[in-house]
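Report on the following structure.
Just so it is clear, the model here is predicted, and its values are computed rather than measured. Remember, it's 1-based here, ligands and their atoms both numbered in the order they're listed.
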Amino acid sequence: MVVGAGARRALPDLRDGAAAVLRANDRGSATVAAPRLYPHQWSWDAAFVAIGLAHLSPERACTELEHLLTGQWRTGMIPHIVYSAESGDYFPDAARWACADLTDAAPGVPATSGVTQPPIHGIAIERILRTPGGERAAVRDRVGRMWPPLMAWHRWLATARRSPITGLVTIVHGWESGMDNSPRFDEPYSRVKVPGSLPAYRRVDRDHVAEAGERPSNEDYDRYLWLIEELKAARYDDAEVMASVSFRVGDVFMTAVLAAASEALAAAGTLIDAPAADVDWLTAQAASLRAAVGAATDPATGDSADVDERTGHHLVAASPARFAALLCGTGSSETETQLVDRFLGDDCCGHPALFAVGPPSTSPASPAFEPTRYWRGPVWPVVSWLFWWALDRHGHTDAAAQLRAGGLSYLADGSFAEYYHPFTGAALGSRDQSWTAAVTVDWLTPT
Ligand code: 2M8
């Protein structure tokens with residue numbers, strides 16, 4: 001059932017409500033992604049949470065990222081879930097991944113998943129340092145101590161995950177994209193064949209979301225779980241995974257995020273006097289990642305494409321990933337202005353049926369659009385925030401202001417939902433979602 005957006009809250013109340021959600025979801029040194037549906041720490045959620053926490057306490061924002069890094073693998077990978085010691089009602093649990101049993105690269109404690117997520121942490125680090133209080137020596141020292149693991153993270157992505165052919169960052173599971181069941185991945189997932197030997201499982205997520213239609217389908221879940229079995233068979237060895245897993249996609253959104261985060265981390269490095277060679281390496285990476293995004297972008301339409309690395313097919317879906325070039329910048333102000341216009345136009349943020357301006361996870365103009373199903377239609381405030389951040393950074397301040405105002409219209413019901421119905425603005429998925437609260441705090445803190 002879809003209900004309309006609830007009562008609207010005044011902005012100061014909304015900021016207080018968002019800060020209260022972050023406090024309530026705080027388990028000491030890590031913030032659970034959501035109190036019931038996601039009772040552990042997620043990687044890109046933690047970075048967004050740190051961006052919000054930076055306004056409340058830059059020190060606590062550091063703690064969030066330091067905790068995430070306790071789960072970092074010896075290879076440099078930051079896993080997508082760092083499990084809390086309390087069991088938490090979530091599936092797949094750590095036992096299903098069995099990472100530490102299968103590879104020495106994974107820490108024994110804390111237990112983690114065996115895949116990664118979009119690398120926005122560099123953006124969080126720069127924002128912590130530039131938020132009032134971030135200039136304190138104690139904060140800079142703590143960022144300085146995180147510097148080597150953050151470099152290891154970026155180097156792992158560059159060596160283990162960048163395709164030698166396209167230069168794009170390769171993902172080996174839809175969960176790595178953060179946009180799990182997006183139509184972006186329909187074609188590559190259609191080639192993931194689930195055998196009868198898939199070990200049994202129960203979907204706990206359905207216990208926490210009122211409507212099954214707001215979550216991925218059972219067919220999706222079978223594929224997600226089967227890919228875990230393939231990763232386990234490869235003992236999570238990076239080279240073996242690349243050679244054997246039946247889902248390998250050059251992710252243009254993740255590539256653009258990594259370009260932007262590399263540039264942000266380089267800027268942060270200059271603020272804390274990080275080694276010049278690291279800052280230079282990050283700057284060069286950002287340029288080469290931006291070039292890879294450029295090469296994956298159709299000059300006529302401005303659409304950026306993912307690449308199915310098993311077939312070489314270019315995949316353009318009506319998702320915000322099409323506008324990946326806006327995240328990292330195109331290098332041409334004319335091209336960029338045209339792309340911003342398209343992004344804000346009828347086929348995306350400005351579709352006439354939308355409740356407010358914001359990039360729907362799938363365009364209503366697409367046959368794949370489902371208004372309530374997870375990454376197949378709803379508006380996700382964190383995605384609005386990311387494009388807002390990039391547009392503002394690249395000088396598209398009017399467009400950025402429209403995204404922020406639109407984002408706040410969805411958020412005004414004070415539910416801090418995981419995602420929102422694009423036409424009615426009704427809250428969907430989890431409530432009191434930490435990253436939603438975090439971007440609310442960020443948008444509502446005067447600069
Ligand atoms: C969602 O993903 C998890 C699996 O990682 C799930 O559905 O169980 C995604 O929206 C992902 O992007 C997000 O990080 C995570 C926690 O908010 O939930």
Side-chain angles (χ1 to χ4, degrees), residues 21-22 25 30-52 64 68 71 78-84 88-94 96-97 112-121 124 171-182 184-185 189 201-209 211-218 220-225 227-228 231 247 251 253-254 257 319-321 359 361-362 372-386 416-420 428-439:
V21 166
L22 290 179
N25 293 348
T31 304
V32 292
R36 285 168 292 282
L37 184 58
Y38 306 117
H40 303 286
Q41 189 183 35
W42 261 257
S43 172
W44 75 323
D45 299 56
F48 280 110
V49 163
I51 287 165
E64 192 68 27
L68 183 70
I78 297 183
H80 97 300
I81 304 174
V82 176
Y83 287 91
S84 331
D89 197 16
Y90 180 78
F91 183 82
D93 57 7
R96 184 76 173 211
W97 292 97
T112 76
S113 68
V115 294
T116 195
Q117 260 192 338
I120 73 158
H121 314 82
I171 58 168
V172 296
H173 197 298
W175 281 340
E176 296 203 307
S177 72
M179 300 186 187
D180 312 2
N181 68 338
S182 166
R184 295 169 66 193
F185 308 121
Y189 264 131
Y201 67 94
R202 190 176 86 76
R203 288 189 61 178
V204 181
D205 60 314
R206 291 279 187 80
D207 300 345
H208 300 294
V209 172
E211 299 289 334
E214 294 175 20
R215 292 287 301 170
S217 68
N218 285 340
D220 293 332
Y221 255 72
D222 279 354
R223 290 179 176 134
Y224 302 161
L225 271 300
L227 287 178
I228 295 181
L231 291 161
F247 179 102
D251 180 332
F253 179 85
M254 185 124 153
V257 164
S319 99
S361 46
T362 300
T372 61
R373 195 183 288 280
Y374 215 41
W375 290 95
R376 302 184 76 88
V379 169
W380 290 69
V382 287
V383 176
S384 297
W385 187 95
L386 206 50
F416 308 106
E418 190 180 5
Y419 41 97
Y420 290 84
L428 297 171
S430 172
R431 306 298 193 273
D432 294 339
Q433 181 88 8
S434 296
W435 63 4
T436 307
V439 299

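- A donor-acceptor contact shorter than 3.5 Å is absent between the side chain of Gln433 and the backbone of Phe416.
- Counting the atoms of ligand 1 from 1 in the order shown, those under 4.0 Å from a heavy atom of Trp375 are 9 (C), 10 (O).
- Of all atoms in ligand 1, numbered sequentially from 1 with element shown, those under 4.0 Å from a heavy atom of His80 are 4 (C), 5 (O).
- For ligand 1, the atoms lying closer than 4.0 Å to a non-hydrogen atom of Trp44 are 11 (C), 12 (O), 13 (C), 14 (O).
- Of the residues Tyr189, Phe185, Tyr201, the one that meets the ring pair (Phe, Tyr, Trp, His ring centres under 6.0 Å) test with Tyr224 is Tyr189.
- By the 4.0 Å heavy-atom criterion, Asp45 is counted among the residues contacting ligand 1.
- The residues Asp251 and Arg184 are annotated as salt-bridged, a charged nitrogen and a carboxylate oxygen being separated by less than 4.0 angstrom.
- The distance from ligand 1 to the heavy atoms of Gln433 drops below 4.0 Å at these ligand atoms: 17 (O).
- Looking at Gln41, its side chain does come within 3.5 Å of a backbone N or O of Glu64 through a donor-acceptor pair.
- In plain terms, the two heavy atoms of Arg376 and Pro378 that are nearest each other are C-CD, 3.9 Å.
- For Thr31 (side chain) and Asn25 (main-chain N/O), no donor-acceptor pair under 3.5 Å exists by modelled atom type.
- Considering backbone and side-chain N/O of Trp435, none are found under 3.5 Å from N/O of ligand 1.
- Which parts of ligand 1 touch Gly178 is read off a 4.0 Å heavy-atom cut-off, strictly below it: atoms 9 (C), 10 (O), 11 (C), 12 (O).
- In the model, His40 has a side-chain atom that pairs as donor or acceptor with a side-chain atom of Ser84 under 3.5 Å.
- Near Gln117, meaning under 4.0 Å from any of its heavy atoms, are these atoms of ligand 1: 11 (C), 12 (O), 13 (C), 14 (O).
- Atom numbering of ligand 1 starts at 1 in the shown order; those under 4.0 Å from a heavy atom of Trp380 are 10 (O).
- Of the polar atoms of Glu418, none of the N or O atoms is found under 3.5 Å from an N or O of ligand 1, judged by distance alone.
- For Ala33, no nitrogen or oxygen atom sits less than 3.5 Å from a nitrogen or oxygen atom of ligand 1, counting backbone and side chain alike.
- The shortest N or O to N or O distance between Trp175 and ligand 1 is not below 3.5 Å.
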